[in-house]
Every structure is written in C-alpha cells, then in structure tokens.
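Some notes on the structure that comes next.
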Amino acid sequence: MLNYYLGIDMGGTQIKIAVVTETAKIIEETVLDTDVTAKPITVIKNIVNKLNSLKYYSKIKNIGVGIAGDIDSVKGIVRFSPNLPKWKNIYLKKELERLTKRKVFIDNDANTSAIGAFWLDLKGKATNMVCVALGTGVGGGIIINKKLYRGATGTAGEIGHITVESNGNKCNCGNNGCIETYIGVKHLVKSATELMKKHKSNIILKLVNNDKNKITPKILSEACAKNDFVAKQVWKQAGEKLGILLTTILNFMNPDHIVICGGISKANKLFFETAYKEIDKRAFKTAAKSCKIVISKYTSKLGVAGSAMLVKN
C-alpha cells in the first residue's frame with residue numbers, strides 16, 4: 001500500500017499545498033492566496049477548507065508545514081514570521097491538529113527546502129548535504145546522516161549570517177558583514193546602482209526604460225549576457241562572496257553534496273564561475289573534490305515537497 005504525505009508551504013504571497021508520494025513526487029497540488037491582514041485562526045481555517053477539497057486528502061494521516069521565521073518545531077509554535085506580521089506565538093500545530101484530526105509537523109521553511117532538495121534533486125541518495133537558498137536573503141538547511149539537523153535551539157543552518165567582512169555591511173540581524181548583505185537581492189541592486197554613478201550603463205538603462213528603481217537580479221543577468229560592465233562587476237563581486245561561503249561550508253561541514261536553490265540560483269554563468277574559482281583557491285582540495293555542487297531544478301517545489309516529507313524525515 002502506497003503512503004501519501006501532505007505538505008503546506010506558507011509564504012507571504014501564496015500558501016502552496018501538495019500531496020506527494022514516498023519519493024516526494026507531487027501527485028496533487030493547489031494554492032491559496034496569503035491574507036497577511038487576516039487573523040491567524042482565519043488563515044488556518046481557510047487552509048483546512050482547501051485541504052478538504054483535495055482528492056487524496058482522505059488518504060492522508062500526517063501533515064507537514066514549512067514557514068519562514070522563528071519556529072519551535074517541537075511544540076509547533078510560530079514564534080515570529082517575517083512574512084506574516086500577525087503571527088506571533090501562534091500554536092499552529094495544535095490548531096491544525098484540532099481542525100484536521102491528523103498529526104502535524106512544523107519547521108522553518110529553509111529546513112523544509114533542504115528536505116525537498118534531498119528528495120527531489122538528490123533522490124534521497126546523499127548522506128551529508130547542505131542546502132543553500134539564494135533569494136532576498138540567504139538561507140540554509142543541513143542534512144547529516146540523511147536526517148535534518150536543527151541544532152540545540154533549532155537555528156542550525158543560518159548560513160546567511162556567516163560573517164565574511166568583520167566591519168562590513170549592516171545586517172538586519174544586528175551583525176555586520178553577513179554574507180546575505182553581499183549576495184541578497186537588495187545588495188545586488190544597490191551594488192549596481194552605486195556602480196552606475198561611476199560607470200554609465202546604457203544596456204541596463206535600456207532594459208529598465210531609464211528607471212533605476214526597476215533594476216532586479218534578472219535585469220542584471222540579462223545585462224551581463226549582453227557584456228555590460230556594471231552587471232559583470234556586480235556578479236563577479238557576488239560570485240566571490242558566494243565562493244567564500246561555499247568554501248566555509250566545504251571546509252567546516254565536508255558534505256558530499258551542496259544544493260543551491262532560490263531565485264538567485266538561476267543567475268548567469270559568471271556568478272557561478274567566479275564562485276568556483278574562489279573554491280579552487282580557498283577550499284581543502286579533498287573536501288572540494290568529494291562534494292558535488294548541484295543547482296536545484298525544483299526551486300519552486302522544494303518547500304512544499306519538503307514540508308510533506310517532514311513526516312518521513
């Protein structure tokens with residue numbers, strides 16, 4: 001008899017819901033718009049109503065949920081979520097179990113993405129893996145001996161806050177020089193804007209119709225493909241910092257796989273070529289040689305599939 005798992009990926013714009021098989025293959029999925037202004041209990045009830053409409057819901061015994069923020073995965077409490085301002089100290093596990101009559105597991109979305117990458121990209125065949133999520137910030141998840149590693153208080157994998165410059169850019173976490181302040185979306189855009197004060201970029205200006213506020217990483221990738229000087233500098237600088245981050249992971253964790261996911265993982269070749277050159281310069285040779293670095297093919301599915309696989313994990 002086949003086992004089916006249900007995952008819920010709670011984002012600030014959409015709530016993704018999916019039923020998956022034992023290998024994380026999605027067989028049914030749906031989405032729900034996130035109402036950030038609604039009371040948490042209202043959102044929870046809307047999710048449950050959506051679950052009841054699923055074809056496979058009657059076959060589900062357990063539910064997994066991934067959500068950004070400070071999550072108590074043992075008690076299933078959302079202490080704080082940056083995407084959901086009204087969600088403070090919400091007993092999500094308790095409420096969902098009450099309304100669904102099913103066992104519920106909850107974790108941080110970076111951890112669920114790591115589980116998703118473990119199953120979807122690596123087919124469950126890795127032993128020690130680190131997932132690096134590149135987007136607005138930089139997130140991470142760690143798999144050790146095929147199991148998710150959360151750390152003593154559940155914050156293991158916060159690789160975005162590894163310091164790469166002792167007196168560097170100010171980070172929202174309160175520290176200076178965190179890696180996410182160098183390769184996160186805001187920094188890439190800011191870096192391009194600053195460089196354009198010294199170096200005119202007709203290519204970027206044309207792509208954004210002379211409105212610098214429209215600069216995005218995607219625009220910078222397009223400009224880089226057109227050999228734009230500013231765009232190339234932005235991606236080279238970001239690539240160097242990514243290389244330093246990956247070297248730190250390689251030397252410290254010695255994983256057999258690193259999976260890179262998130263919106264920025266779709267960036268241009270120059271970004272990654274520069275990162276790999278940094279790894280060649282800095283990393284222990286045996287650690288680098290024994291680790292396979294993979295760019296995820298399932299970025300948009302990792303969170304929801306990984307949430308479902310929380311049950312199996």
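These values consider heavy atoms only, across backbone and side chains, with no hydrogens, waters or symmetry-generated copies.
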Show your working on side-chain contact (heavy atoms from CB on, under 4.5 Å) between Asp121 and Lys297 and close with a plain yes or no. CA-CA 7 Å; Asp121 287 294; Lys297 296 178 181 178; 4.2 Å; yes
Within a 6.0 Å radius of atom [atom1] on [X], are there more than 12 heavy atoms belonging to other residues, nucleotides or ligands?
X: Lys146; atom1: NZ; value: yes
X: Lys266; atom1: NZ; value: no
X: Lys198; atom1: NZ; value: no
X: Asn175; atom1: CG; value: yes
X: Tyr149; atom1: OH; value: no
X: Asn52; atom1: CG; value: yes
X: Lys285; atom1: NZ; value: yes

Between [X] and [Y], is any pair of side-chain heavy atoms under 4.5 Å apart?
X: Val189; Y: Pro217; value: yes
X: Asn128; Y: Asn254; value: no
X: Glu180; Y: Lys241; value: no

Rounded to the nearest 0.5 Å, how far apart are [atom1] of [X] and [atom2] of [Y]?
X: Glu95; Y: Lys45; atom1: CD; atom2: NZ; answer: 8.5 Å
X: Ile17; Y: Lys50; atom1: CD1; atom2: NZ; answer: 7.0 Å
X: His161; Y: Ile179; atom1: NE2; atom2: CD1; answer: 11.5 Å
X: Phe118; Y: Cys131; atom1: CZ; atom2: SG; answer: 12.5 Å
X: Ile106; Y: Asn111; atom1: CD1; atom2: CG; answer: 13.0 Å
X: Thr100; Y: Asn62; atom1: OG1; atom2: CG; answer: 9.5 Å

With side-chain contact (heavy atoms from CB on, under 4.5 Å) as the test, would you mind laying out the steps for Leu84 and Val43 before giving the verdict? CA-CA 11 Å; Leu84 304 165; Val43 176; over 6 Å; no
For [Y], does its backbone N or O pair with a side-chain atom of [X] as donor and acceptor, under 3.5 Å?
X: Lys214; Y: Asn209; answer: no
X: Glu278; Y: Ile244; answer: no
X: Ser307; Y: Gly64; answer: no
X: Lys86; Y: Thr37; answer: yes
X: Glu165; Y: Gly177; answer: no

Can you name the residues that form a ring-ring contact (aromatic ring centres under 6.0 Å, His included) with Phe252, not counting sequence neighbours? none
Can you name the ring-ring contact (aromatic ring centres under 6.0 Å, His included) partners of His257, sequence neighbours left out? none
Would you mind telling me which of Val164, Val132, Leu134 makes a side chain to side chain contact (heavy atoms under 4.5 Å, CB included) with Ile183? Leu134
Ser201 and side chain to side chain contact (heavy atoms under 4.5 Å, CB included): which single residue from Lys212, Gln233, Met196 fits? Met196
Quick one, Trp235 with Leu220, criterion side-chain contact (heavy atoms from CB on, under 4.5 Å). Give me CA distance, side-chain angles, the key distance, then yes/no. CA-CA 8 Å; Trp235 288 115; Leu220 293 175; 3.5 Å; yes
Considering all heavy atoms of both residues, which atom of Thr34 and which atom of Gly12 are nearest to each other, and what is their separation? CB-O, 3.5 Å
If every non-hydrogen atom of Ala267 is compared with every non-hydrogen atom of Ser221, which pair is closest and at what distance? CA-OG, 3.8 Å
Would you sort out whether Glu194 and Lys197 count as a salt bridge (Lys or Arg N to Asp or Glu O under 4.0 Å), showing the intermediate values? CA-CA 5 Å; Glu194 290 297 316; Lys197 291 178 181 178; 3.3 Å; yes
Find out whether the Lys NZ or Arg CZ of Lys59 is both under 6.0 angstrom from the six-membered ring centre of Tyr4 and within 45° of the ring's axis. no
Stacked cation flag Arg98 on Tyr91, 6.0 angstrom / 45 deg: no
Assess whether a salt bridge exists between Glu273 and Lys269, defined as any Lys/Arg side-chain N lying under 4.0 Å from an Asp/Glu carboxylate O. no
List the steps and the verdict of side-chain contact (heavy atoms from CB on, under 4.5 Å) for Met253 and Ile144. CA-CA 9 Å; Met253 291 293 301; Ile144 297 179; 4.1 Å; yes
Are Val36 and Phe80 connected in a single hydrophobic cluster, I mean Ile/Leu/Val/Met/Phe/Trp/Tyr linked by side-chain heavy atoms less than 4.5 Å apart? no
Is there a path of hydrophobic side-chain contacts, each under 4.5 Å between heavy atoms of I/L/V/M/F/W/Y residues, joining Val20 to Leu54? no
Does a donor on one side chain and an acceptor on the other come within less than 3.5 Å for Asp107 and Thr112? no
